[in-house]
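Each ligand, and each atom within it, is numbered from 1 in the order the structure gives.
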Amino acid sequence: MPIDKKKVEQAVRMILEAIGEDPEREGLRETPRRVADMFEELFEGYEYSDEYTWFTETSDLVVVAGIRFYSLCEHHLLPFFGVVHVAYLPRGKVIGLSKIVRIVRKYTRRLQIQERMTKQIADEVMRATSSQDVMVVSEAVHLCMAMRGVKTPAPTVVAAVRGAFAVDKSLKEEVYKIIEPHRFKGFPL
Ligand code: ZN
């Protein structure tokens, strides 16, 4: 369902009033509309389909490292962002790099928490590739932590480790070795 932009505009106007701002002053007059337009893009993940084309290929380990993402924390509506690394062992089905990026967008361009996002990406990669052996690592800084409360500039790391990656320690280590140069350093960007 597309987002209700009129409603977003009204809500933003109300927030501006609630914090004691004047929604009619020059700098703010267009802000509700701008936020509504922006939300359409930031939340487009809800609209993505789950049809994936794949091709047959025999390949060992596939790792797509350092996919940048931007998402919004569902607790504070503030950005959290960083990188996602995706690894899987193909079972005859390989999906293109752009499809992996699309899966990442699908689950980042919506309200999220990093843990669920990481699991959902792993689940979708499993569905798209028909492989049980999937590993997804996400690294992110959360502005809701950086701007307020406990100020932690270090990235939060979350991993979803499935199938062979969960039982074969050396396989998991191989993934960490491959992604090492692409890891997220956090602030400063
Ligand atoms: Zn938060």
What do you reckon, is [atom1] of [X] surrounded by more than 12 foreign heavy atoms closer than 6.0 Å?
| X | atom1 | value |
| --- | --- | --- |
| K119 | NZ | no |
| E41 | CD | no |
| M14 | CE | no |

For the Zn ion (ligand 1), find the closest N/O/S atom belonging to H76 and write down its atom name.
-> ND1
Between NZ of K99 and OG1 of T129, what distance do you get to the nearest 0.5 Å?
->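 The distance works out to 14.0 Å.
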Backbone or side-chain N/O/S of C73 under 2.8 Å of the Zn ion (ligand 1) | yes
Please state whether the separation between the Zn ion (ligand 1) and some N/O/S atom of C144 is under 2.8 Å?
-> yes
